[in-house]
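Convention: sequence-line order gives letters A, B, ...; per-chain numbering from 1.
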Amino acid sequence: MSEEPREKPSHFIRDAVVEDLQTGRFKGVVTRFPPEPNGYLHIGHAKAIALDFGLALEFGGRCHLRFDDTNPAKESQEYVDAIMCDVRWLGFDWGAHLYYASDYFQQLYDWAVQLIRAGRAYVDDLSADQVAEYRGTLTQPGKESPYRSRSVVENLDLFERMRRGEFPDGTKTLRAKIDMAAGNLNLRDPVMYRIRKTSHHRTGDAWCIYPMYDWAHGQSDSIEGVTHSLCTLEYEDHRPLYDWYLDALGIYHPRQIEFARLNLSHTVMSKRRLLTLVEEGLVSGWDDPRMPTLAGLRRRGYTPEAIRDFCERIGIAKADNLVDVALLEHCVREDLNRRALRRMAVLRPLRLVIENYPEGQVEELEAVNNPEDSLAGTRKVPFSRVLCIEQDDFRDPPPPKYFRLSPGVEVRLRYAYIVKCTGVVRDAAGAVTEVRCTYDPASRGGDARGRKVKGTIHWVSASHSVRAEVRLYDNLFSVPKPDEVEDFKSVLNRHSLEVLTGCRVEPFLAGAEPGSRYQFERQGYFCVDSLESSPSGLVLNRTVGLRDTWAKIEKAEGH
RNA sequence: UGGGGCGUGGCCAAGUGGCAAGGCGCGGGACUUUGGAUCCCGUAUUCGGAGGUUCGAAUCCUCCCGCCCCAACCA
């Protein structure tokens, strides 16, 4: 295993980090991945995780996992657990640096008091609607709240009573006193605290006022000594506020840098839309193998390595993007090609009878486990007179450039023998129910002995194979940009899941471990479903198909 | 006459004054007991547009065009 560590492609954030280290602005690198525990992580988060943890690793620093849990109404322990599980699975380690914004509630409260004392924050009695009204519009300045000029003493008193729970939800807020005429709406006296008499999954009922994102985030970064606070583009407008709070408080000041979030073709990435799919039962859950969630990709059979590689290849930049899902698929294929053991499985069985093969005879033929890895060894596959082959591997008449079985034609049975089709059996409707052939005993192992045999097909012994259910997945959406359609649900791919129940797999697969991955020769990569597969009922998920040149030819040839 | 960003091939993306990296995809070929893998070759006279500066510009200047984000007591 002499993996040449591919040179890390550079990007503007790495450049900025290098510069900050050189100029002495920061002495080391401390990053953080700050998910809100209100949903499952998806491939877009993987990009951020790889960036945050990757940079820390690269510069000998550290990366914190910090839950941004400032909105108890939407957050829960279920999500906290799922997120930690996913980050670990992806291969990253936060060591002892697990934090929660809720751990800082007291410190944040004290700092708020500090701002009130400095005359930089005030308690406002305006209702939510009024606050919106007073904010003005994109093109018109807002106007100051009538409560903006309350005295420090009064503000201090009111704020403390807010905390004690003397006022009902929504009746008061604490706001920073900045500039109601600012072009950047985030600076028009942003709300720092709102009253919410809701218990929090970690702090219980200790608090009834909760900090807003902007008030919590920068200060949390500061407390933890974060150097580079990396986030997505939509927070660019928040940076002036991030900086304002830190400066107003006069505390350690990390640097926020924004990058473009990932968009993947043929799927949706917004938490709101993913939640809709889950809640409306359009998918089986957050871990449905068609979902772009890490839980879904994991169940689909994706490897952490492939996802990390993908994250590296897409790069980090500031331009809006839509990455072709074909790149993600390429990454798993590349990873699995060199690691997955090969097996034979017939998804849509067609009976093949070898007329001149002795009745009752069984041979154990040797098959290579992985041609890409000589250490993977070989296995024995039972061969007998009656086999199952793929329905697609027999055509009568054969279309142009078809290399597989058809009347009078010879084909190789992978690792077995060369067989020649002698005829077919059809049912009353004319459908082929059985293919007949003879074999060449001298071609054992598949040796064509000089002959040109263009096709090689996979097979399974009818009586020795094991039954299995196979689930074939396709893109969740039928268009590249479902987000741009009026109703994204109208463009769901109706064929995103195809369940095949009569599949036959080679006996070696009988005891396959849940989650284990294989390449089914000539078909694709599959993994044993981790939830619904059992020894008595094997269930396999197709991670991704193999590149299919024949499909392209067939498509180009006509229909 | 609101603010903040972004525009390099079908999709990502390097490049930051010296004459367009790389990857995916696509097309062609070699090889092949997976029509897989692997290996070759091809794929932007041009960098949103128009001017300008310069011996020389995707890179600097000016104007224009287009796209994205922001008016939750969400993050």
Atom pair distance, as rounded to whole Å: OH in A/Tyr210 and C1' in B/C74: 15 Å
Among B/G35, B/C74, B/G4, the nucleotide that comes nearest once only the side chain of A/Ile553 is considered: B/G35
A/Tyr100 six-ring face occupied by A/Arg202 cation (under 6.0 Å, within 45°): yes
Sugar-phosphate only, base, or nothing, as touched by A/His458 at under 4.0 Å among non-hydrogen atoms: nothing
Touch class at under 4.0 angstrom, heavy-atom based, for A/Leu187 against every strand present: nothing
Sugar-phosphate, base or nothing in reach of A/Gln519, heavy atoms under 4.0 Å: base
Pair A/Gln130-A/Ser127, side-chain hydrogen bond (donor to acceptor under 3.5 Å, both in side chains): steps then yes or no: CA-CA 5 Å; A/Gln130 291 175 131; A/Ser127 68; 3.2 Å; yes
Rounded interatomic separation in angstrom, taking CG from A/Asp214 and C1' from B/C74: 11 Å
Within 45° cone of A/Tyr518 ring axis and under 6.0 Å: A/Arg342 NZ or CZ: no
Contact under 4.0 Å: A/Thr456 side-chain N or O vs B/U32 OP1/OP2: no
Main-chain N/O of A/Glu410 paired to A/Lys454 side chain as donor or acceptor, under 3.5 Å: no
Nearest-Å distance once atom C1' is located in both B/U34 and B/G23: 25 Å
Charged tip of A/Arg395 within 45° of A/Tyr402 ring normal and under 6.0 Å: yes
Under 3.5 Å donor-acceptor pair, A/Arg404 side-chain atoms to B/G35 base atoms: yes
B/G9 to B/G22 separation - C1' atoms, rounded to the nearest Å: 13 Å
Interatomic distance where CD belongs to A/Glu372 and C1' belongs to B/C31 [whole Å]: 14 Å
Most 5' of A/Phe403 and A/Ala128 on RNA chain B, judged by nearest nucleotide: A/Phe403
Touch class at under 4.0 angstrom, heavy-atom based, for A/Pro141 against every strand present: nothing
Sugar-phosphate only, base, or nothing, as touched by A/Tyr402 at under 4.0 Å among non-hydrogen atoms: base
Donor/acceptor link under 3.5 angstrom from A/Gln523 side chain onto base of B/U34: no
Touch class at under 4.0 angstrom, heavy-atom based, for A/Arg342 against every strand present: base
Sugar-phosphate only, base, or nothing, as touched by A/Asp169 at under 4.0 Å among non-hydrogen atoms: nothing
A/Arg66 side-chain N/O to B/A75 phosphate OP1/OP2 under 4.0 Å: no
Sugar-phosphate only, base, or nothing, as touched by A/Thr137 at under 4.0 Å among non-hydrogen atoms: base
Touch class at under 4.0 angstrom, heavy-atom based, for A/Tyr235 against every strand present: base
Euclidean distance for C1', B/G25 against B/G10 (whole angstrom): 7 Å
Conformer about C1'-N of B/A72 - syn within 90° of 0, anti elsewhere: syn
Touch class at under 4.0 angstrom, heavy-atom based, for A/Pro211 against every strand present: sugar-phosphate
Touch class at under 4.0 angstrom, heavy-atom based, for A/Arg412 against every strand present: base
Whole-Å gap separating C1' (B/U38) and CG (A/Asn370): 14 Å
Side-chain donor-acceptor contact under 3.5 Å, A/Asp125 with A/Thr171: no
Side chain of A/Leu185 - closest among B/C70, B/A71, B/C73: B/A71
C1' gap between B/A58 and B/U46, integer Å: 9 Å
Rounded distance (Å) that lies between atom C1' of B/G66 and atom CG of A/Asp320: 13 Å
Sugar-phosphate, base or nothing in reach of A/Asn321, heavy atoms under 4.0 Å: sugar-phosphate
Cationic N near anionic O, under 4.0 Å, A/Glu366 to A/Arg379: no
Side-chain ion pair, A/Asp221 and A/Arg66, N-O less than 4.0 Å: yes
Rounded distance in Å - CG (A/Leu138) to P (B/C68): 15 Å
Modelled atom types, side-chain donor and acceptor of A/Asn369 and A/Arg343, under 3.5 Å: yes
Candidate nucleotides B/C74, B/G35, B/C69, ranked by approach to the side chain of A/Lys74 - the nearest: B/C74
Side-chain donor/acceptor of A/Asn370 to backbone N/O of A/Arg338, under 3.5 Å: yes
Carboxylate-amine/guanidinium proximity below 4.0 Å for A/Arg522 and A/Asp393: yes
Separation of B/A75 C1' from A/Ile83 CD1 (nearest whole Å): 12 Å
Whichever of A/Tyr213 and A/Gly136 has its nearest RNA chain B nucleotide further upstream toward 5': A/Gly136
Charged N-O contact under 4.0 Å between A/Asp548 and A/Lys552: no
A/Met212 side-chain proximity, nearest of B/G35, B/C74, B/C70: B/C74
Sugar-phosphate only, base, or nothing, as touched by A/Ala317 at under 4.0 Å among non-hydrogen atoms: sugar-phosphate
Sequence-aligned protein contact record of nucleotides 23-30 of chain B, with B where the base is within under 4.0 Å of a protein heavy atom and S where only the sugar-phosphate is: SS-SS---
Intra- and inter-strand pairs of RNA chain B in dot-bracket (Watson-Crick or G-U wobble, both distances under 3.5 Å; | for another strand): .(((((((.[[[..)..(...]]]((((((.......))))))....[[[[[..)....]]]]])))))).....
C1' spacing across the pair B/U53 / B/U59, given as an integer number of angstrom: 14 Å
Ring geometry between A/Tyr109 and A/Phe159 (parallel below 30°, tilted from 30 to 60°, perpendicular above 60°): parallel
Cation over ring face, A/Arg273 and A/Phe488, 6.0 Å, 45°: yes
Separation of B/C73 C1' from A/Tyr122 OH (nearest whole Å): 13 Å
Spacing of the C1' atoms in B/A44 and B/C11 (rounded, Å): 14 Å
Pairwise C1' distance, B/A50 and B/C55 [rounded to whole Å]: 23 Å
Sugar-phosphate, base or nothing in reach of A/Thr70, heavy atoms under 4.0 Å: sugar-phosphate
N or O in side chain of A/Arg194 less than 4.0 angstrom from B/C74 OP1/OP2: yes
Same-atom distance (C1') from B/U8 to B/G4, integer angstrom: 23 Å
